[in-house]
S.K.: 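First the structure, then my questions, so here it is.
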Amino acid sequence: MLVLPSRRAIASFYIVAFLGLSFTADSIAQSPEDLAEARLRSNVHSEFTVGVYKLETGRVLEAVDHLEYAWRLSISQPEIGLRLADAYFLLKNFTRSEIVVDEILVSYPRNAEALLVKSKLRYLRRDAQGAIALLEKIRNIGESSFESERLLGNACFELGETGKAITAYERCLRHDPSYPYIYLRYGRLLAETGEIEQAESAFRRALSLDEEFSEASVDLAELLLGQGRTDEGLGVLERALLNDPTDTEALLQLATMYQEAGRLEPAIALLERMRDDRALTREAEVVLGRLYFDTKRFAEAFEVFSTLFERESPSDQIARILGELSIKLGDTESALAYYRRAVEISPRDFHNHLGLYFASRPDYVDGRAIDLPADEQARLLDTAAELVPEEDFEGNYVIGVALLGVDSLDDAYKHLLRANALQPADRSTRLNLASIHEKRGEYGEAERYLVELHRQYPDDAGILNFYAYLLAQMKVDLPRAESMVRAALAKDPDNAYYLDSLGWIYYQMGEYSVAVTELERATNHVHDDPTILEHLGDAYKALERFDEAKTAYEASNRVRGGSVEIREKIQSTSRQLE
């Protein structure tokens, strides 16, 4: 069968043939020196043409031989050198490619193509700053191109020079506005700098050029969600999935957006669809497990995470999740085994010790807690406190609160001070520091925190209540304290702790009957708070209702677990009854 050569092969053949013929014709009646020069030119052009042909047809290694020969014969003509540098670049022989480019730049320092190749080589060698210098030189000589501006934008983006990157991408798009990926990067930079409207326009332009561009759909949806335009964001992703129902990135993002919008069941349905199509990534499996958890489908969540735990290398984080799910399912024996497994996998991670500690405390567990001896609970909390990194805000905050909950005030104070140093503006940390000072009787220090917090959050009910209670403890400015706690109760009328503060303010005012009324209301809402019960006992005692006072004190003592002060109050009321 006759195989016809391609049009490109025929064209290359005629170019070579024509060059050869023209040089032969011109050589007639020329001197030997002229003839030699003509033959040299003929050889240069022949080798160059064959080399270019082989380069463009993918035979790069063969092309190098011809281009190298033409390069040596031509005495470094830049057009030949650039194609040779391209060939070496394709072969990933970056050293030889740069040598050729440097030879060109010695004679032609303003050659924009050579500068561009050299900048690419610098960028590949992770010298982004060097690449930028070369690319800016191209721009300064007025020879910028789509490719040079694209590379300049990428290099500036990598170095965090956002303004320069934006300018480069804008120039890039002026050269050629038909590349959706450039609009995507441009939009991401605009979003990063807060230019939300322009970023949205860039993402929409990318999608107008390629309606199946998944990354642009996801970024646009995230941008719209961040503006509270949830329905628009969901619509963008839903349209993307109409174009490609198998787009796993868009499916996962849509499920995540449903989750963030509180529409959990549609999110679960999407991820279950991906699972049925065997397109569920590990990340998506985790999201599905968490969605099952959030919708209280604990058995299904357990199945997801136990599968991950068995399939992958042991993960202490998943072991802790399985421990929590086991508690939700009422299986404390399995929960204990999973938490101990987490400690075994990563004994130096404070989360594992702290997780088991919380799982053993009824005040932290929604369900039946793991039964652990008090001394083991104390060891777990102490170990977590020793292991938590000083630079971990959340870890120090949570451990500080846990220590405060067991009245380990000095250790709690140390960890909460660390947290406060890391995030001085955090409201909860400062409230807990004020609480420690109040428990120590350091009312002036506590008030120092509360004055600032009240200035920042004048309508915060929790701060109003705490400040009012502190004033009652200090027995100062009681009318103001009453006004503050009533403002808190206006926001939450049945809050037992706010009612306790109001009752305690009346007690300090000497209005014991009114105090009893408010404190009894508080105990109707929270039956087992030792402080409320003690305050109620004090109010009964002030009214000489000693039987009721003793009952309240004894209830407080049972909850508190043996306070010296409360035992003295029980004995005092008992004597009054004799």
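Atom set for the values below is all heavy atoms of this structure, side chains included, hydrogens, waters and symmetry mates excluded.
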S.K.: Using distance alone, with no hydrogens and no angle criterion, decide if W504 and Q473 have a side-chain donor and acceptor under 3.5 Å apart.
M.R.: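 Distance-only check passes for W504 and Q473.
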
S.K.: CG of L381 to CD of E386: how many Å apart, nearest 0.5 Å?
M.R.: 10.5 Å

S.K.: Do T332 and S326 make a side-chain contact, defined as non-hydrogen atoms from C-beta onward lying under 4.5 Å apart?
M.R.: no

S.K.: Got a second to check how far R558's CZ is from D528's CG, nearest 0.5 Å?
M.R.: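 Between R558 CZ and D528 CG, I get 11.0 Å after rounding to 0.5 Å.
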
S.K.: Has the side chain of S334 got a donor or acceptor atom that lies under 3.5 Å from a matching backbone atom of D331?
M.R.: no

S.K.: Going through the checks in order, is the salt bridge (Lys or Arg N to Asp or Glu O under 4.0 Å) test met by E312 and R282?
M.R.: CA-CA 10 Å; E312 302 174 347; R282 184 193 184 280; 2.5 Å; yes

S.K.: For Y512 and Y507, I'd like to know if the aromatic rings sit close, meaning centre-to-centre distance below 6.0 Å.
M.R.: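 Y512 vs Y507: aromatic centres under 6.0 Å.
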
S.K.: So F466 and S435, side chain to side chain contact (heavy atoms under 4.5 Å, CB included) or not? Walk me through it.
M.R.: CA-CA 9 Å; F466 190 180; S435 178; 4.1 Å; yes

S.K.: I'd like to check F350 versus N396 (side-chain heavy atoms, cut-off strictly below 4.5 Å). Are they in contact?
M.R.: no

S.K.: Within the side chain of T307, is there an N or O that forms a donor-acceptor pair under 3.5 Å with the backbone of E303?
M.R.: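 A pair under 3.5 Å: yes.
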
S.K.: With distance as the sole test, does R430 use its side chain to make a donor-acceptor pair with the main-chain N or O of A425 at under 3.5 Å?
M.R.: yes

S.K.: Would you indicate whether the side-chain heavy atoms of M484 and N465 approach each other to under 4.5 Å?
M.R.: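 No, every pair of side-chain atoms sits at 4.5 Å or beyond.
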
S.K.: Any ion pair linking R320 and D316 (charged N to carboxylate O, less than 4.0 Å)?
M.R.: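 Salt bridge present between D316 and R320.
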
S.K.: Using side chain to side chain contact (heavy atoms under 4.5 Å, CB included), reason through E222 and L225 one step at a time and then give a plain yes or no.
M.R.: CA-CA 5 Å; E222 286 181 346; L225 181 64; 5.6 Å; no

S.K.: If I take atom CG from residue L329 and atom CD from residue E324, how far apart are they, to the nearest 0.5 angstrom?
M.R.: 11.0 Å

S.K.: Output yes when a side-chain donor or acceptor of N352 lies under 3.5 Å from a complementary backbone atom of S346, and no otherwise.
M.R.: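 Yes: the side chain of N352 pairs with the backbone of S346.
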
S.K.: In Å, rounded to the nearest 0.5 Å, how long is the span from CD1 of I463 to CG of L453?
M.R.: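 One finds 4.5 Å between CD1 of I463 and CG of L453.
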
S.K.: With rounding to the nearest 0.5 Å, note down the distance linking CZ in F203 to CG in L224.
M.R.: 9.5 Å

S.K.: So does D366 have more than 12 non-hydrogen atoms from other groups sitting under 6.0 Å from CG?
M.R.: no

S.K.: Between R229 and E200, does the salt bridge (Lys or Arg N to Asp or Glu O under 4.0 Å) criterion hold? Intermediate values first, please.
M.R.: CA-CA 12 Å; R229 296 158 64 186; E200 180 182 341; 2.9 Å; yes

S.K.: Do the numbers put R486 on top of the ring of Y498, so that NZ or CZ is under 6.0 Å from the six-membered ring centre and no more than 45° off the axis?
M.R.: no

S.K.: Do the ring centers of F358 and Y364 come within less than 6.0 Å of each other?
M.R.: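 Yes: the rings meet the under 6.0 Å criterion.
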
S.K.: Show your reasoning for whether side-chain hydrogen bond (donor to acceptor under 3.5 Å, both in side chains) applies to Y506 and E482.
M.R.: CA-CA 8 Å; Y506 282 128; E482 181 186 357; 2.9 Å; yes

S.K.: Taking all non-hydrogen atoms of both residues, which atom of G153 and which atom of A165 are closest, and how far apart?
M.R.: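 That would be O-CB, 3.6 Å.
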
S.K.: Begin from the C-alpha positions of Y467 and V451 and carry the test side chain to side chain contact (heavy atoms under 4.5 Å, CB included) through to its verdict.
M.R.: CA-CA 8 Å; Y467 201 171; V451 166; 3.2 Å; yes

S.K.: Stepwise, does the salt bridge (Lys or Arg N to Asp or Glu O under 4.0 Å) test hold for E390 with K414?
M.R.: CA-CA 11 Å; E390 289 191 12; K414 178 179 72 174; over 6 Å; no

S.K.: Below 4.5 Å, heavy atoms only, C-beta onward: do D529 and V526 meet side chain to side chain?
M.R.: yes

S.K.: What are the two closest non-hydrogen atoms of A216 and A206, and how far apart are they?
M.R.: CB-CB, 4.0 Å

S.K.: Are F293 and F298, when compared by the centres of their aromatic rings, separated by less than 6.0 Å?
M.R.: yes

S.K.: Counting C-beta onward and ignoring hydrogens, is there a side-chain heavy-atom pair between L223 and I196 closer than 4.5 Å?
M.R.: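 Yes, their side chains come closer than 4.5 Å.
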
S.K.: How long is the straight-line distance from CG of L356 back to CG of L336, given to the nearest 0.5 Å?
M.R.: 6.5 Å

S.K.: With a 4.5 Å heavy-atom cut-off, do E447 and V476 have their side chains touching?
M.R.: no

S.K.: How far apart are the C-alpha atoms of Y169 and N154, what are their side-chain angles, what is the distance that settles it, and do they pass the side-chain hydrogen bond (donor to acceptor under 3.5 Å, both in side chains) test?
M.R.: CA-CA 9 Å; Y169 286 135; N154 292 348; 2.5 Å; yes

S.K.: For V388, does its backbone N or O pair with a side-chain atom of D392 as donor and acceptor, under 3.5 Å?
M.R.: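 Judged by distance alone, no pair lies under 3.5 Å.
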
S.K.: Any salt bridge linking R427 with E452? Criterion: basic side-chain nitrogen under 4.0 Å from a carboxylate oxygen.
M.R.: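 Looking at E452 together with R427, the answer is no, because their closest N to O distance does not fall below 4.0 Å.
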
S.K.: Kindly indicate whether a cation-pi arrangement holds for R418 with F393, taking the cut-offs as under 6.0 Å to the six-membered ring centre and within 45° of the axis.
M.R.: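 No, cation not above the ring by the 6.0 Å, 45° rule.
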
S.K.: Any carboxylate oxygen within less than 4.0 angstrom of a Lys/Arg side-chain nitrogen, looking at R340 and E376?
M.R.: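 Between E376 and R340 there is a salt bridge, with a charged N closer than 4.0 Å to a carboxylate O.
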
S.K.: Less than 6.0 angstrom from the centroid, inside 45 degrees of the normal: does R185 satisfy that with respect to the ring of F157?
M.R.: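 R185 over F157 ring: yes.
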
S.K.: Decide, yes or no, whether a salt bridge links E285 with R290 under the criterion of side-chain N to carboxylate O below 4.0 Å.
M.R.: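 Judged by the 4.0 Å cut-off on N to carboxylate O distance, E285 and R290 do not form a salt bridge.
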
S.K.: Keeping E438 on the side-chain end and L470 on the backbone end, is there a donor-acceptor pair under 3.5 Å?
M.R.: no

S.K.: Does one side chain, of Y540 or D547, offer a donor that lies under 3.5 Å from an acceptor on the other?
M.R.: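 Per modelled atom types, Y540 and D547 side chains form no pair under 3.5 Å.
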
S.K.: Working note: N420 + T429, criterion side-chain hydrogen bond (donor to acceptor under 3.5 Å, both in side chains); need CA distance, chi angles, decisive distance, verdict.
M.R.: CA-CA 6 Å; N420 189 55; T429 305; 5.7 Å; no

S.K.: Do NZ/NE/NH1/NH2 and the carboxylate oxygens of D460 and K491 come within less than 4.0 Å?
M.R.: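 K491 and D460: not salt-bridged.
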
S.K.: Within the structure provided, determine whether Y338 and L325 are in side-chain contact (heavy-atom separation under 4.5 Å).
M.R.: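 The answer is no, as the side chains (C-beta and beyond) never meet within the 4.5 Å cut-off.
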
S.K.: Is a side-chain N or O of T295 found less than 3.5 angstrom from the main chain of L291, in a donor-acceptor match?
M.R.: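 Confirmed, T295 side chain pairs with L291 backbone.
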
S.K.: Is K541 paired with E548 through a side-chain N to carboxylate O contact shorter than 4.0 Å?
M.R.: no

S.K.: Run the salt-bridge test on D375 and R379 with the 4.0 Å N-O cut-off and return the result as yes or no.
M.R.: yes

S.K.: Can you list the steps and then say if L380 with L354 is a side chain to side chain contact (heavy atoms under 4.5 Å, CB included)?
M.R.: CA-CA 6 Å; L380 287 166; L354 193 61; over 6 Å; no

S.K.: Which of these passes side chain to side chain contact (heavy atoms under 4.5 Å, CB included) with I436: L417, L404, L403?
M.R.: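 With I436 as partner, L417, L404, L403 yield a single side chain to side chain contact (heavy atoms under 4.5 Å, CB included), made by L404.
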
S.K.: Examine the side chains of S556 and K569 and answer whether a donor and an acceptor come within less than 3.5 Å of each other.
M.R.: no

S.K.: Hey, is the main chain of D538 close enough, under 3.5 Å, to the side chain of Y553 for a donor-acceptor pair?
M.R.: yes

S.K.: Mind checking whether Y449 and H437 have parallel, tilted or perpendicular rings, split at 30° and 60°?
M.R.: parallel

S.K.: Would you call R567-E534 a salt bridge at under 4.0 Å N-O?
M.R.: no

S.K.: Do K164 and T167 have side-chain heavy atoms sitting under 4.5 Å apart?
M.R.: no

S.K.: Would you check if the side chain of H454 reaches a backbone N or O of L450 as a donor-acceptor pair within less than 3.5 Å?
M.R.: no

